> 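Handing you a structure now.
A, B, ... follow the sequence lines: proteins, then strands. Residue 1 opens every chain. All values below were derived from every heavy atom in this structure, side-chain atoms included, with hydrogens, water molecules and symmetry-related copies excluded. Nothing here was measured: the structure is a model prediction, and the numbers come from that model.
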2 protein chains.
Amino acid sequence: MNPSHSGDDSDDSDDRTAQVDRTRTARRPESRYGNRPTMKDVAARAGVGLKTVSRVVNAEPGVTPETERRVREAIAALGFRRNDSARVLRKGRTASIGLVLEDLADPFYGPLSRAVEEVAREHGALLINGSSAEDPDREQELALALCARRVDGLVIIPAGDDHRYLEPEMAAGVATVFVDRPAGRIDADAVLSDSFGGARDGVAHLVAGGHRRIGFIGDRPRIHTAAERLRGYRAAMEDAGIPVDERWVSLGVTDPGRVRRAAEEMLSGPDPVTAVFTGNNRVTVTVLRVLAELDRPVALVGFDDIELGDLLRPGVTVVAQDAALLGRTAAERLFRQLDGAAAAPERIVLPTRLIERGSGELSPAPAR
Amino acid sequence: MNPSHSGDDSDDSDDRTAQVDRTRTARRPESRYGNRPTMKDVAARAGVGLKTVSRVVNAEPGVTPETERRVREAIAALGFRRNDSARVLRKGRTASIGLVLEDLADPFYGPLSRAVEEVAREHGALLINGSSAEDPDREQELALALCARRVDGLVIIPAGDDHRYLEPEMAAGVATVFVDRPAGRIDADAVLSDSFGGARDGVAHLVAGGHRRIGFIGDRPRIHTAAERLRGYRAAMEDAGIPVDERWVSLGVTDPGRVRRAAEEMLSGPDPVTAVFTGNNRVTVTVLRVLAELDRPVALVGFDDIELGDLLRPGVTVVAQDAALLGRTAAERLFRQLDGAAAAPERIVLPTRLIERGSGELSPAPAR
DNA sequence: TAGGGCCTGGACAACGTTGTCAGCCCCGGG
DNA sequence: CCCGGGGCTGACAACGTTGTCCAGGCCCTA
């Protein structure tokens with residue numbers, strides 16, 4: 001009667017195991033799931049076989065309405081809920097995918113994660129999320145932990161540049177798609193934004209506005225997107241026939257304090273830059289703060305859109321990438337892999353969009 | 001030799017199971033995990049017992065260095081990775097917690113989720129994330145799916161107001177903490193921001209600035225925080241002896257279009273409001289856009305901080321809540337429950353902070 | 001040299017579910 | 001009356017791991 005039988009289950013209706021010496025058997029480790037009822041319990045209570053309960057729970061055909069009613073009644077009375085851990089073990093698919101990203105708190109990754117989740121949901125899967133904090137070791141630790149959980153697939157925004165550690169996993173059938181940055185030293189699907197083209201367009205836009213001394217502040221070039229954006233900057237400058245003064249270029253700074261110093265540096269001195277191209281949303285925000293304190297207008301184009309960018313005066317001109325589309329594309333590709341439609345690894349590049357709002361259209365200060 | 005043996009495992013070194021008639025046995029469902037090696041495979045290859053492999057993998061004592069070396073070698077050669085699904089089934093703890101929130105793409109929830117993840121990580125747990133999209137059914141579906149996965153605990157930002165569906169789960173030992181909004185119709189831990197006090201302070205701030213006609217735009221009062229903030233608004237008005245004209249109050253609008261219309265409405269007519277209090281970050285952003293198009297200054301205080309709020313002119317005065325602290329507090333409470341230090345359900349209320357940046361300090365337009 | 005303890009390793013039974021297969025019952029047809 | 005067949009059911013063996021317990025082998029002491 002008592003749903004939460006605590007000690008030995010020397011209950012009735014258990015005549016099969018009665019002959020087994022239960023005292024020698026393994027004791028329950030700690031408290032388990034608080035002794036949740038199992039299908040066996042439900043079966044006993046409903047007076048049916050274990051498998052019949054399974055059939056009801058999984059809506060398999062071949063159960064009399066009357067039997068089904070009894071089973072459902074027992075399920076409700078006991079508060080039974082199927083243990084998906086056991087189900088997973090038996091079936092081999094976990095119906096969950098992992099997402100390793102850099103920092104969920106970054107406004108760029110929120111929408112991306114949400115998009116991945118939405119696609120997962122469409123496929124009946126749950127999403128396990130982990131932040132690498134831009135630390136390659138942590139990325140690996142996370143990704144492998146997810147593999148140990150036997151997620152069906154992984155969406156990874158890489159922090160490191162060597163992903164050979166994933167080779168055994170991928171060979172074993174873990175679908176894998178990289179987003180935002182490509183995989184390092186392995187061949188894998190990747191969904192990227194056109195960092196190079198976007199940055200080139202953004203810088204070209206500044207050039208077209210009459211600027212020649214243009215600064216670039218970006219992340220460590222070890223990060224693929226950062227390197228590509230830098231390359232785009234250089235390409236645009238070269239296209240315009242402007243030799244780059246290396247004092248205009250600041251790389252690898254990422255925390256607000258150092259970005260601020262870098263910006264202030266290239267904005268002071270005898271020949272300050274008249275425009276700045278910023279390599280990602282965090283840098284853009286910091287530079288905006290620096291520019292706000294300045295008494296002269298300095299043009300700015302940033303990579304990544306930023307919220308409220310349209311409300312600032314001037315509005316912030318950006319090279320926008322669609323984080324949600326990035327996530328959605330990657331997740332869809334992942335599930336295509338899982339559905340067996342596995343083509344050769346591919347690199348999908350999504351276009352960026354230049355949004356003119358004012359800050360990128362400021363003219364350079366009159367010469368001298 | 002070949003790590004990925006594909007067909008039947010009629011390999012060598014499998015003399016124990018050789019006597020079993022494998023033809024009658026269940027066929028492998030589909031492809032499983034792409035036939036990953038198991039501890040048994042490792043044991044066979046290393047020439048040791050199954051349990052010895054387990055001991056090595058779990059760093060249990062009682063294995064000779066030499067034996068351990070052989071086992072590790074076999075693990076590396078086979079590309080073995082422990083199947084945590086099976087482990088979970090056996091051990092009863094999944095070392096994962098679930099987080100049900102409204103929308104990961106909302107800048108308020110990103111940091112919250114990250115904070116929860118960080119605490120989970122400190123406790124060696126992974127985080128499974130789900131967005132309810134503010135739909136009670138979806139919240140329930142998600143929460144129960146997580147329970148079926150046997151997450152050790154749940155952090156829930158409720159969308160619905162009846163959580164009795166969780167009672168069996170909680171009784172069965174699923175640790176549960178509600179965040180941002182309290183649970184409905186059950187007794188459970190909750191970590192909240194002081195919505196009432198924050199809103200009252202914010203509105204009082206406007207009153208102190210000389211405003212009397214103050215608008216309030218908030219979410220559906222069915223949502224606890226929205227109701228509390230409305231209550232704070234009314235309390236502040238009453239404290240100031242200002243009777244509230246119901247045309248100043250707009251509830252339940254949440255999409256930008258309708259917020260815009262509501263704002264425009266209370267800002268037009270013969271006796272427009274001179275100040276607006278907005279009930280959450282999304283409303284604030286929309287109202288900011290409306291105010292930007294206006295030719296006269298209107299004071300604004302918003303609940304929730306918004307990024308770049310300091311860079312707008314005027315800066316946006318807000319009642320800020322600490323999303324990360326909210327998440328961290330909730331997660332810590334969750335793990336305290338899991339550690340058995342389960343006190344009676346408690347409601348923890350975190351203070352809010354009024355940040356003056358200009359928009360809330362604008363004077364009302366000179367009368368008439 | 002015998003006895004007792006420690007160390008190492010392995011057999012075995014769980015954990016809770018699902019796939020397979022073999023019964024049982026009942027019906028209809030020969 | 002018997003047999004075949006079709007619904008329903010339930011027994012049973014996996015899935016891959018860990019807890020328990022026992023069997024040796026070794027070393028140390030008496």
> For the helix from C:dT1-D:dA30 to C:dG30-D:dC1, figure out the bend between the end axes, five pairs an end, and round to 10 degrees.
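Axis angle across the helix from C:dT1-D:dA30 to C:dG30-D:dC1, nearest 10°: 60°.
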
> Quick one: does B:Lys51 reach the base of D:dG19 with a side-chain donor-acceptor pair under 3.5 Å?
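Donor-acceptor pair under 3.5 Å: yes.
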
> Considering residues at least two apart in sequence or located in another chain, which fulfil the side-chain contact (heavy atoms from CB on, under 4.5 Å) criterion with B:Asp187?
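Per chain and number, B:Asp187 pairs via side-chain contact (heavy atoms from CB on, under 4.5 Å) with B:Pro345.
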
> Specify the separation, in whole Å, of atom CG of B:Leu50 and atom P of C:dA14.
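Atom CG in B:Leu50 sits about 16 Å away from atom P in C:dA14.
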
> Between A:Arg333 and A:Glu346, is there a salt bridge with N-O shorter than 4.0 Å?
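Yes.
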
> Please state how far atom CZ in B:Arg36 lies from atom P in D:dT17, giving the value in whole angstrom units.
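After rounding, the reported distance stands at 10 Å.
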
> Roughly how many Å is it from NZ in A:Lys40 to C1' in D:dA13, rounded to a whole number?
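In whole Å, D:dA13 C1' lies 15 Å from A:Lys40 NZ.
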
> What residues form a side-chain contact (heavy atoms from CB on, under 4.5 Å) with B:Ala188, not counting sequence neighbours?
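B:Ala188 satisfies side-chain contact (heavy atoms from CB on, under 4.5 Å) with B:Met170, B:Phe178, B:Ala183, B:Ile186 once adjacent residues are dropped.
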
> Tell me which donor-acceptor pairs under 3.5 Å the side chains of residues 119-128 of chain B have, and how far apart each pair is, sequence neighbours excluded?
from, atom 1, to, atom 2, distance (Å)
B:Glu122, OE2, B:Arg328, NH2, 3.1
B:His123, ND1, B:Val119, O, 3.1

> Applying side chain to side chain donor-acceptor pair (under 3.5 Å), name anything that partners B:Thr176, two or more places apart in sequence or on another chain.
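Applying side chain to side chain donor-acceptor pair (under 3.5 Å) to B:Thr176 gives none.
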
> Considering only heavy atoms, which members of residues 54-71 of chain A lie under 4.0 Å from some atom of DNA chain D?
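By residue number: A:Arg55, A:Gly62, A:Val63, A:Thr64, A:Thr67.
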
> Send over the distance from B:Asp41 CG to D:dG16 C1', rounded to a whole Å.
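Rounded to the whole Å, the gap is 10 Å.
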
> From CZ of B:Arg149 over to P of C:dC15, roughly how many Å is that when rounded to an integer?
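Spelled out: CZ on B:Arg149 to P on C:dC15 is 22 Å.
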
> When rounded to the nearest 0.5 angstrom, what is the spacing between CD in A:Glu167 and CD in A:Glu169?
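Rounded to the nearest 0.5 Å, the CD-CD separation comes to 11.0 Å.
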
> Roughly, in whole Å, what's the span from CZ in A:Arg82 to C1' in C:dT17?
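The distance from CZ of A:Arg82 to C1' of C:dT17 comes to 9 Å, rounded to the nearest Å.
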
> With sequence neighbours excluded, what pairs up with A:Arg82 under the side chain to side chain donor-acceptor pair (under 3.5 Å) test?
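Only A:Asn58, A:Asp84 meet the side chain to side chain donor-acceptor pair (under 3.5 Å) criterion with A:Arg82.
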
> Is B:Thr52 close enough to C:dG9 that one of its side-chain N or O atoms is under 4.0 Å from OP1 or OP2 there?
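Result: no.
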
> Just compare C:dT18, D:dT18, C:dG10 and give me whichever is closest to any side-chain atom of A:Lys91.
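Closest nucleotide to the A:Lys91 side chain: C:dT18.
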
> Select from B:Met39 and A:Val48 the residue whose nearest nucleotide in DNA chain D is closer to the 5' end of that strand.
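Result of the comparison: A:Val48.
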
> Could you check how far CZ of B:Arg90 sits from C1' of D:dG19, rounded to whole Å?
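Whole-Å distance recorded here is 5 Å.
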
> Using the side chain to side chain donor-acceptor pair (under 3.5 Å) criterion, which residues pair with A:Arg185? Sequence neighbours excluded.
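For A:Arg185 there are no side chain to side chain donor-acceptor pair (under 3.5 Å) partners, ignoring immediate neighbours.
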
> Figure out the CG/P separation between A:Asp84 and C:dT17, and round it to whole Å.
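After rounding, the gap between these two atoms is 9 Å.
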
> Listed by chain and number, what are the side chain to side chain donor-acceptor pair (under 3.5 Å) partners of A:Asp162, not counting sequence neighbours?
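Counting only residues at least two positions away or on another chain, A:Asp162 forms a side chain to side chain donor-acceptor pair (under 3.5 Å) with A:Arg164.
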
